[in-house]
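Per chain, numbering begins at 1; letters A, B, ... match sequence-line order.
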2 protein chains.
Amino acid sequence: MPQDTHGDHEAPARAEGFNHARTAQSVALLEDYTEMIDDLIHEHGEARLTDIARLMGVTHPTAAKAVARLKREGLAVSRPYRGVFLTEIGVAMAARVRLRHRVVVDLLVAVGVPAEAAEIDAEGIEHHVSDATLGAFEAFLKARG
Amino acid sequence: MPQDTHGDHEAPARAEGFNHARTAQSVALLEDYTEMIDDLIHEHGEARLTDIARLMGVTHPTAAKAVARLKREGLAVSRPYRGVFLTEIGVAMAARVRLRHRVVVDLLVAVGVPAEAAEIDAEGIEHHVSDATLGAFEAFLKARG
DNA sequence: CGCCAAATGTAGCCACGTCTACACTTTTGT
DNA sequence: ACAAAAGTGTAGACGTGGCTACATTTGGCG
Ligand SMILES: [Mn+2]
Ligand SMILES: [Mn+2]
Ligand SMILES: [Mn+2]
Ligand SMILES: [Mn+2]
C-alpha cells in the first residue's frame, strides 16, 4: 500500500498518474466501507459486521480489520458485539462517495455502456475520478437532459 | 491483496463489483509495468531498472520486486545487471494496455474532462474498464468522428 | 588498466488486506 | 432458563508493495 513516506519529491511528470492512482487506491477501501455502512444503516437501522462482510464479499475478520481502520481514521465508531456507526466525517465521506458512484454509473450508461457492466466497473473506477473529472461528468450529463 | 483463495462461491450480487475491483487491482501493477517497459524499449532500445523505477515513481528495489513478479508470471525476462525485456505474452499485454489507456483518455476528453486531469485519472481508471465498457467507449468515440 | 560513480542486487522492515481457526458473547427458541 | 445457533473478537499466516541500508557489479574515464 502507499506507505507514502513522501516519494513525490522529485517525481517526473510521467510518474504523477501512478502516484495519484496509488493514493486513490489507499482510500478506496475506506470509501467503499463507509458507503456500505451508510447504506446498511439506512436500510436496516444498523450496520452489523456480518452484513458488511457478506455484502463486501469478504470474511468477517477482514471486515473487522477494515472497521478497525475506519475507527482509527476517525470515520466510524463501535462497541464490542454491537453495530458500526459513522462519525460526522464518515457520513460526509459516504455522501460524497455515493454521489460520485451514481455520477460515474450514469456517465458510463450515457456513453453507451450496458447497465450491468456500468455498475460493476464503476465500483473500481469511482475511486480514480478526480473532482475535475467528476465536474466534467456532471456537466456532460446535464447537457444531455 | 486479493489472495483470492476463492471467495466468490456464494457472494451476493451486491459484492460482485467489489470482487471485480479487487481482481482488477491485482493485475494493475503488471499492466502498468509491462506498458512502461514496452515504452522504454521503444524509446531507448532497452528498459533499465533505474529508468523503470524513476518513471513509475518508486525506488529501485520496489521496481526490482515488480520485475521479479513479472518474470514469475511469465511476462518478462532479464539477466542480472542487464535490461528487462518482455515475453510474447508481455508484449501482448502491453499492446492491449496501451490501447485501453489511450481509449480511456480519449473518452474522458470527449466528454469534457481537461486533458491534464484525463491523463492522470486514466492511469487508475484504465484498470477497471472491462471489455464491454471499452467497446462502448470505442463506439462512442467513433460516432463522434 | 584501474578506479570511481552509477546501476543493480539483496536483506530486512513495515503496513495492508485477505484468509482460516478458534475463543468468546449474544440472541434465539423450546 | 438453558442449550444451540449466530455473531463477533482475535491470533496468526501469507502475499504484496512500499521503503532504507548496504553489498556487489558494470561501465566509463583518466
Ligand atoms: Mn468502489
Ligand atoms: Mn461505490
Ligand atoms: Mn495505470
Ligand atoms: Mn496506463
Side-chain angles (χ1 to χ4, degrees), chain A residues 1-11 15 18-33 36-37 40 44 46-73 76 78-84 124 127, chain B residues 1-11 15 18-19 21-33 36-37 40 44 46-73 76 78-85 124 127:
Chain A
M1 216 46 30
Q3 193 158 317
D4 198 32
T5 317
H6 45 296
D8 306 8
H9 57 113
E10 59 159 329
F18 298 114
N19 289 325
H20 269 259
R22 281 188 281 266
T23 298
Q25 200 55 38
S26 88
V27 294
L29 179 136
L30 301 176
E31 295 181 337
D32 285 334
Y33 274 87
M36 177 64 76
I37 290 167
L40 284 168
H44 302 95
E46 64 178 353
R48 306 301 306 218
L49 197 57
T50 299
D51 297 324
I52 297 171
R54 179 172 40 82
L55 295 173
M56 293 297 300
V58 296
T59 59
H60 86 267
T62 297
K65 278 195 182 176
V67 169
R69 187 178 161 206
L70 290 182
K71 293 169 75 171
R72 192 178 356 122
E73 309 218 0
S78 76
R79 288 177 9 254
Y81 297 97
R82 290 289 122 93
V84 180
H127 308 286
Chain B
M1 224 36 44
Q3 195 156 318
D4 197 30
T5 316
H6 44 298
D8 308 8
H9 58 111
E10 57 158 331
F18 298 113
N19 289 324
R22 281 187 282 266
T23 298
Q25 200 54 39
S26 87
V27 294
L29 179 134
L30 302 177
E31 295 182 337
D32 285 336
Y33 274 87
M36 178 64 76
I37 290 167
L40 284 169
H44 302 94
E46 63 177 355
R48 305 300 308 216
L49 197 57
T50 299
D51 298 323
I52 297 171
R54 179 174 39 86
L55 294 173
M56 293 297 301
V58 297
T59 59
H60 86 266
T62 297
K65 275 194 186 176
V67 169
R69 188 178 160 205
L70 290 182
K71 295 170 73 171
R72 188 170 8 114
E73 309 218 1
S78 76
R79 290 177 7 254
Y81 295 96
R82 289 289 122 90
V84 181
F85 299 93
H127 308 287

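- Rounded to an integer number of Å, the gap from A/Arg79 CZ to D/dG9 C1' is 15 Å.
- Regarding B/Tyr81, its OH atom lies at a distance of 10 Å from the P atom of C/dT8, rounded to whole Å.
- The CD1 atom of B/Ile37 lies 9.0 Å from the CG atom of B/Leu49; values are rounded to the nearest 0.5 Å.
- Note on B/Thr62: every side-chain N or O is 4.0 Å or more away from OP1 and OP2 of D/dG17.
- Among the heavy atoms of the strands lying under 4.0 Å from B/Thr59 is at least one base atom, whether or not backbone atoms are also near.
- Remark on DNA chain C: of its neighbouring residues A/Leu30 and A/Arg82, the 5'-side contact belongs to A/Leu30, judged by nearest-heavy-atom nucleotide.
- Residue A/Ser26 has no polar side-chain atom (N or O) positioned under 4.0 Å from OP1 or OP2 of C/dC16.
- When the nearest nucleotides of DNA chain C are assigned to B/Arg48 and A/Leu29 by heavy-atom distance, the more 5′-ward of the two goes with B/Arg48.
- Within the 4.5 Å cutoff, side-chain heavy atoms of A/Glu73 are placed close to those of A/Leu30.
- Taking all atoms of both residues into account, the shortest heavy-atom contact from A/Met36 to B/Phe18 is CE-CE1, 3.7 Å.
- In this structure, A/Pro61 reaches the bases: a heavy-atom distance under 4.0 Å links it to at least one base atom across the strands shown.
- Atom NE2 in A/His127 sits about 15 Å away from atom C1' in C/dG17, given to the nearest Å.
- When distances are taken from the side chain of B/Val58 to each of D/dA11, D/dT8, D/dC19, the shortest belongs to D/dC19.
- If you take CZ of A/Arg54 and P of D/dT8, they are 11 Å apart, rounded to a whole angstrom.
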> So A/Thr62 and A/Met56, side chain to side chain contact (heavy atoms under 4.5 Å, CB included) or not? Walk me through it.
Replying inline: CA-CA 10 Å; A/Thr62 297; A/Met56 293 297 300; over 6 Å; no

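- Rounding to whole angstrom units, CG of residue A/Leu70 and C1' of C/dA15 are separated by 16 Å.
- With C/dA11, C/dT20, C/dC16 as the choices, the nucleotide that has an atom nearest any side-chain atom of A/Arg69 turns out to be C/dC16.
- Rounded to an integer number of Å, the gap from A/Met56 CE to C/dT18 P is 8 Å.
- For the pair A/Leu49 CG and C/dC24 C1', the interatomic distance rounds to 15 Å; values are reported in whole Å.
- When the nucleotides C/dT18, D/dT10, D/dT16 are ranked by their closest atom to the side chain of B/Arg72, D/dT16 comes out on top.
- Considering only the side chain of B/His60, D/dA21 comes nearest among D/dT16, D/dA21, D/dG9.
- Considering only side-chain N and O atoms, B/Arg22 lies under 4.0 angstrom from the phosphate OP1 or OP2 of C/dT18.
- Not a single donor-acceptor pair, N or O on each side, falls under 3.5 Å between the base of D/dT16 and the side chain of B/Lys65.
- The closest side-chain heavy-atom distance from A/Lys71 to A/Val84 is not below 4.5 Å.
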